[in-house]
Amino acid sequence: MDKRLLKKANLGKLIEGVTAKGGVFVAPVREAGEVYYRPVTGAEEVVLDHILPKKPFKEFFFPQTEVIASFEGHKDQVELKGYESVIEETVIFAARPCEASSTASLRSVFTWDFVDEFYTNREDRAVVMGLACIRGDRACFCTSVELAPDTTEGSDILLKETVKGDFRAEAVTDKGKAFMERHKAVFEEGGTEAVETKKIFEPEKLDVDLKRISRWLSQKANYESPLWAELSRKCVGCGACTFSCVTCHCFDITDEGTYFEGERRKNWDACQFEFFTLHAAGHNPRDTQYKRWRNRFMCKFNFYPEKFSSKGCVGCGRCIRVCPVRLDITEVMTEISRTG
Ligand code: SF4
Ligand code: SF4
């Protein structure tokens, strides 16, 4: 059951099989000229002619905003009520392998000093079906961060498009195997290596050295290097890179409502925003943009690998594509590799 054939003509049946049991089937769809991961109910909604959806699928595990508790104010006390969300099985179809691999990075941070069940419950109920890349662009650099366009890392099932337009499906995890078994009517025999698949797009390998970057970043003297201001001087602090990044995970908790009742919400936040580190007393340890940008880079290439042994950057290139001033993280990686 490890390798099967999912015929394109059977995709609709798979969607139906998942949604009929109350599950959510998420796939890339075209919306206002862009491609996004969205819940779908039919195969005709799914598009596969894109490079990467505009936003990562992390929002299905870690929503941009969610209620985590509610409260009621009484005369002499505040009553806090926990909030339990109902999590249905969520299938992420045609996830790009780079971003599928990022689930390990998110999980490491959400289970580090505290298990954030709002995240883990969703991820545990999800089946990630990665789809190996047959197209990419100059912003893709997975091969420079020790990944590959057909990596199985993070996928429960890895799909490869066949020359006939079907999918060869390989079960990577027990969860993926069980999913294929449950839907064995659509995962047919015949997904062997002999089935010819489309040519994989291999991003050009950049002249970067991750170990060198990490070493340079861990040297105290380099924390105040003039390079930071120089390399990030274009940054306007819009936060687009953080909001579109598959591994960025910062959030804020706010209470919304009135004195009498309200909700406690967990909302995405971004280290690129000036108020992110502003203390109540008025002091801001990251009071200039280069310090905020330095933090983002250090988080990706120093804090993550040192603390979690997982990747802070998977080379998806989203931050490069969305940046309004074309600040390219690979240029900084290259420069520090050369300097370090
Ligand atoms: S830092 Fe940029 S390239 Fe790396 S994972 Fe985040 S969005 Fe993708
Ligand atoms: S998207 Fe570009 S300008 Fe905006 S915060 Fe990120 S690096 Fe700065």
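Remember, it's 1-based here, ligands and their atoms both numbered in the order they're listed. Model, not experiment: these values are computed from the prediction.
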Would you find a donor on one side and an acceptor on the other, under 3.5 Å apart, between the side chain of Arg296 and the backbone of Cys241? yes

Could you walk me through whether Ser337 and Asp209 pass the side-chain hydrogen bond (donor to acceptor under 3.5 Å, both in side chains) check? CA-CA 6 Å; Ser337 291; Asp209 182 331; over 6 Å; no

Tell me, which protein residue and heavy-atom name are nearest atom 2 (Fe) of ligand 1, and how many Å apart are they? Cys319 SG, 2.3 Å

Atoms of ligand 1 under 4.0 Å from any heavy atom of Phe141, numbered from 1 in the order shown, are 3 (S)

Between CD on residue Glu193 and NZ on residue Lys160, distance to nearest 0.5 Å: 6.5 Å

Do the side chains of Phe243 and Phe110 join up, straight or via other hydrophobic residues, at under 4.5 Å, putting them in one cluster? yes

Please give me the protein atoms (N, O or S only) lying under 2.8 Å from atom 8 (Fe) of ligand 2, ordered by chain and number. Cys235 SG

Sub-4.0 Å atoms of ligand 1 with respect to non-hydrogen atoms of Lys300: 1 (S)

I need the atoms of ligand 1 closer than 4.0 Å to a non-hydrogen atom of Gly317, numbered in the order shown. 3 (S), 8 (Fe)

Identify which one of Thr103, Val246, Leu106, Thr247 satisfies the side-chain contact (heavy atoms from CB on, under 4.5 Å) criterion when paired with Lys58. Leu106

Go through ligand 1 atom by atom and flag the ones less than 4.0 Å from a non-hydrogen atom of Val314. 4 (Fe), 5 (S)

Counting only heavy atoms not in Lys198, do more than 12 sit closer than 6.0 Å to its NZ atom? yes

If you have a sec, work out which protein heavy atom is nearest atom 8 (Fe) of ligand 1 and how many Å separate them, to one decimal? Cys316 SG, 2.4 Å

What protein heavy atom sits nearest atom 6 (Fe) of ligand 1, and how far off is it? Cys245 SG, 2.3 Å

Heavy atom of the protein closest to atom 4 (Fe) of ligand 1 (residue, atom name, distance): Cys313 SG, 2.4 Å

Answer yes or no for Arg296: is there a heavy-atom contact with ligand 1 below 4.0 Å? yes

Carefully, step by step, assess Gln272 and Gln289 under the rule side-chain hydrogen bond (donor to acceptor under 3.5 Å, both in side chains). CA-CA 7 Å; Gln272 297 309 294; Gln289 194 53 36; 3.1 Å; yes

Minimal heavy-atom distance between Asp255 and Arg264, with the atoms involved, is OD1-NE, 2.7 Å

Yes or no on side-chain hydrogen bond (donor to acceptor under 3.5 Å, both in side chains) for Ser108 and Ser310, after CA distance, side-chain angles and deciding distance? CA-CA 8 Å; Ser108 49; Ser310 57; 3.1 Å; yes

Salt bridge (Lys or Arg N to Asp or Glu O under 4.0 Å) with Arg122: of Glu66, Glu59, Glu88, Glu89, only one passes, and it is Glu66

Could you list which atoms of ligand 1 come closer than 4.0 Å to a heavy atom of Val246? 5 (S)

State plainly whether one hydrophobic cluster holds both Ile157 and Leu14, where clusters connect Ile, Leu, Val, Met, Phe, Trp and Tyr through side-chain heavy atoms under 4.5 angstrom apart. yes

